[in-house]
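Encoded as C-alpha cells, the structure appears first; notes follow it.
When a ligand or atom number is given, it counts from 1 through the structure's own listing order.
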Amino acid sequence: MLKELREIVQQVTASSDLNDAMNELVRQTRHAMQVDCCSIYLRQPHKQNYLLAATDGLAASAVGRAKIPLGEGIVGLIGDKEELINLADARSHPKFKYLPEAREDAFISFLGAPIIHQRTTLGVLVVQQKQERLFEEGEESFLVTLASQLATVIAHAEAKGNLLSPNWHGVLRGLAGSPGVAIGRAWVWRPRVTFDQVKARKSDDAQLQHARLNKVLIQVEDELNGMALRFQESQSSESVAVFEVYQYILKDPMFISLIRAEIDQGWIAGSAVKRVCEQQISQFGGMTDPYLRERAADIRDLGQRLLTRLIHEDEGMLTLSLDKPIILVADEISATLIAEIPPNKLKGIVSAKGSINSHAAILARSMGIPAVMGIDHTFELLEDRTLIVDGYNGDLLVEPVPSVLREYRRLIAQEEQMDELFASTRLEKAITLDGMPVSLLLNAGLSADSDVSSNDTVDGIGLFRTEIPFMMRDRFPSEQEQVIGYRRVMASYVGKSVCMRTLDVGGDKQLPYFPIVEENPFLGWRGIRLTLDHPEIFLVQLKAMLRASQGLDNLSIMLPMVTNLDEVRVARRMLDRAWREVSDETAEQKGEIRYPSLGVMIEVPSLLYLLPDLAPLVDFWSVGTNDLTQYLLAVDRNNGRVANIYDAFHPAVLRALQQIFDEAERYGKPVSICGELAGDPIGVLVLLAMGYRRFSMNNSNIMRIKYIVRQSRFDELQKLLQEVLNQQQVGIIKDLFGRYLEERGLGGLLRGPR
Ligand code: PEP
Ligand code: MG
C-alpha cells in the first residue's frame, strides 16, 4: 500500500491544476483500495454546503452540481466532527442523505475522512463499496493520509487559482512588505526585455561588442546615479544603500570580466550579458539565506536594464509616463523600477516574487509606500482593476465591495492623521506624561551596509547587526574594510552610544563562502559559538571595532547567542587582547583607544538562570526578544506553519522579561530590549510597565513609539500590569494594553504587523 500511496501523492502534488489533481486522486485511489467509488466533496464556505468536486464511481454529471448542506448527511457530519467515519451500511445511519443526481443507491459501505488544512475543514474524501463491510484499519489510515496530502494541494490551489475568471473578486494573501494601506487601480508592468527574448547569437567582431557593452555600462551607471541622487535628496539613507548595491554589482570587476570573457568567446554583447546573468541568478537563487537569495533579483534587474539598453541603443532615457497614480503590480518589482515611477504617482506595490528582505520592500518601507510581496500569481487579469493593498497584513483585495472600500478609506484617513501626529513630536524627548524619561535607540545594519545616518530622533544605536557586510562579499572582509564601515556608523553618532554586535551568522544567516550545513541550524553553530571557534575571525572583528572607535569613544560591544558563562569569559579575554594589541600599535599616534563596555544578548533561556553569575562578567545586557521567544517556546521564528504559536506575549516570555529586568536592577546592570517587541505599540507599553527604559528598534518604528511613550503614564501602566501579571491567558495582556492605546486615540496602531 505504501508504494501506491507514494505514487498517488507524487502525482497529485505534481499536478498544476486542482481539477486534474482531484480527478487523478479519485481514479487512483479507487484502483489502489479496490473500492467501487471514490469522491471528493469540497466545502464552499460562502454557500454553506459541500459540493461534489470529483468522483470515480458516482455519476460524472453530478460533479459540480450535487450539493450537501453543511451539517447534513454523513459528509456534513464528518466535516462537523472533524473525524473519520467508517460504516458497514451507510443507509442505516440516521444522518444518511441520498443524493439522487449522483446515483448513489448502489453503494452500501462508506468510509469518509475530513480534508483539513491548518485547522480548517476544506472538504471530505469518501470511498464507497457495493458490498456491506467495515473498512479495515489499514484502509482507514490510507484514506486519512491521502486526505491530509490533498488538503495542502487544495489550500495551495485556493490561494493561487482564483483569479482565473476575469470577474473574480476577493482577497489574495501574500507577505506584508511595507506597512500601510493603499487603494487604487492596478498597473501591471512587464519588463521591456527579458532574458527569454534574447536569442543567443555570435559575432565575429568582438571589438565592436566590447564597445557596445562599454557604452551601455556608462548609460546604465548614469541612470543609477540619477536615481540614487533623487533618493539622496528626498529619502532616507536606506534607499540610497539600495542603489549602492546596484552600483556595486555594476562595478564589480568579476561580474564585468565574466561578461567580457563571453564576448571574447564570440558572443554578441546581449548574449554575453544574458549568459552571465542567468548563471549568477541561478547561483544566488539557490542560496539558503533569504537576504542573499534576494540578490538574484538585483542581478536580473540590472541584466534586463543592460539588455534593454543594448536592444534600444539609440533611444534616449527610458522613462515611464503615467497620468494618474497607480498600484504597481509586477511579477518581480525591482528597486530601479520603483525609482522610475514619479513618487506622486506610486500609491502601492504588489509583487509576485520577493519577500520582506527584497530591496523593493526595503525601499517601499523607507518611502512609506504600502507593499505586499509574494502573491504568487499571474497578474494579467488585474490590469486596471481596483485594488486595496493592505501592507499590514499582506493582503491584496481585488475589486472590493463598497462597504470594504469605505472601511479602508476610513483607515487611510485615520492613518494620515496619525502620521501627522507622530511627525509632530519627532524631535521631542521620549518622556512619559508623568515624567519618566525613556531612551529610544536604533536597530541598524540590516539593509546593505550603510543604512545609518546621523539620526536626531534617537539616542544612539542599540543594536548594529554586523552580518550584512560579511554576507555581501565573497570572502571575509579585511580588518581595514571593517574599520571603514564601522567608523562610518560611529562617526554618524558622535556623543551617542553605538552598540555593535559581534558576528551572528549561522541559523538562517549564511555566508556564501563559509557554508554551514546542519540539521538544526538554529540550535547549531551560531553567533558566539562560531566566532569563539574562529579566533582569527573574532579578533579581526574586535580590533576593527576598536580601531574604528578611536577618538569617538562611543563604542560598546555585544555578544550574540551566549549560552554559557565561559563563552563570556573567553570573549572578554579576547577583547582584552585585541584592545592591548590595538592600543600598542596606536600608542605612537595621538589619542588612545577607550576600552569599550561589553554586554551580552539575552536570547538563550539558559541565561535566565545564570544572571547573578553573569552580572560580574559584563557591563550590560540587552534582550533579544526575537530569539528568546523562539527558544523559550521552541518555535522556529521563520516557520509560517507555527507562526500562530510564536508569541512574545506568551505568559512565559513575559515572566522571563520581568525577571531579566528585576535582576538587572538588583545587580545594577543597564538593560535594554532590542528585539521586535520594543517596536510594537503594545509591547513597549508592557515593557515600560515592567520597568524597562531603553528600547532599540527599526527606524520605521521610532516616531510612533516616541509618540506612544509621550501619551502614556508610567503609574497607570504599572497598575495595569499588576492586574494581569498572574494571568495565564495569552490574549488578556494584549487586550488590556490595547484598550489603553485605544483610549488615547491610538487604536489604529493595533492593525500594524506584529
Ligand atoms: C533578537 O534575537 O531579538 C535579535 C535582536 O537578534 P536577531 O533578530 O538579529 O537574531
Ligand atoms: Mg537574535
Between R526 and E518, does any NZ, NE, NH1 or NH2 come within less than 4.0 Å of an OD or OE carboxylate oxygen? no
Carboxylate-amine/guanidinium contact R501 E467, below 4.0 Å: yes
Review point. Do the non-hydrogen side-chain atoms of L441 and R694 ever get within less than 4.5 Å of each other?
Key: yes
Contact check, side chains of L565 and L614, non-hydrogen atoms, under 4.5 Å: yes
Review point. If you measure every N/O of E676 against every N/O of ligand 1, is any gap under 3.5 Å?
Key: no
shortest atom 6 (O) of ligand 1-to-protein heavy-atom contact is with R501 NH1, 3.0 Å
Looking only at protein heavy atoms, what sits closest to atom 8 (O) of ligand 1 is R637 NH2, 2.7 Å
Please list, in number order, the atoms of ligand 1 under 4.0 Å from a heavy atom of [X].
{"X": "D627", "value": "1 (C), 2 (O), 3 (O), 10 (O)"}
{"X": "M601", "value": "4 (C), 5 (C), 6 (O)"}
{"X": "L463", "value": "5 (C)"}

Please determine whether any non-hydrogen atom of R526 lies less than 4.0 Å from an atom of ligand 1. yes
Answer yes or no for E467: is there a heavy-atom contact with ligand 1 below 4.0 Å?
-> no
Taking the side chain from [X] and the backbone from [Y], do they hold a donor-acceptor pair closer than 3.5 Å?
{"X": "Q541", "Y": "L503", "value": "yes"}
{"X": "K706", "Y": "E428", "value": "yes"}
{"X": "R487", "Y": "Q550", "value": "yes"}

Practice problem: Cation-pi check, R744 to Y707: give yes when NZ or CZ is under 6.0 Å from the six-membered ring centre and within 45° of the ring axis, no otherwise. | Solution: no
Looking at D627, the N/O/S atom that lies nearest to the Mg ion (ligand 2) is called OD2
To the Mg ion (ligand 2), the closest N, O or S atom belonging to E603 is OE1
Looking at P560, S696, C674, the heavy atom closest to atom 5 (C) of ligand 1 belongs to C674
A student comparing G624, A678, S622, G507 should find that the heavy atom closest to atom 1 (C) of ligand 1 comes from G624
The answer for which part of V623 has a heavy atom under 4.0 Å from ligand 1 is neither
Check your understanding: Just by distance, with hydrogens left out, do D662 and Q659 show a side-chain donor and acceptor under 3.5 Å apart?
Key -> no
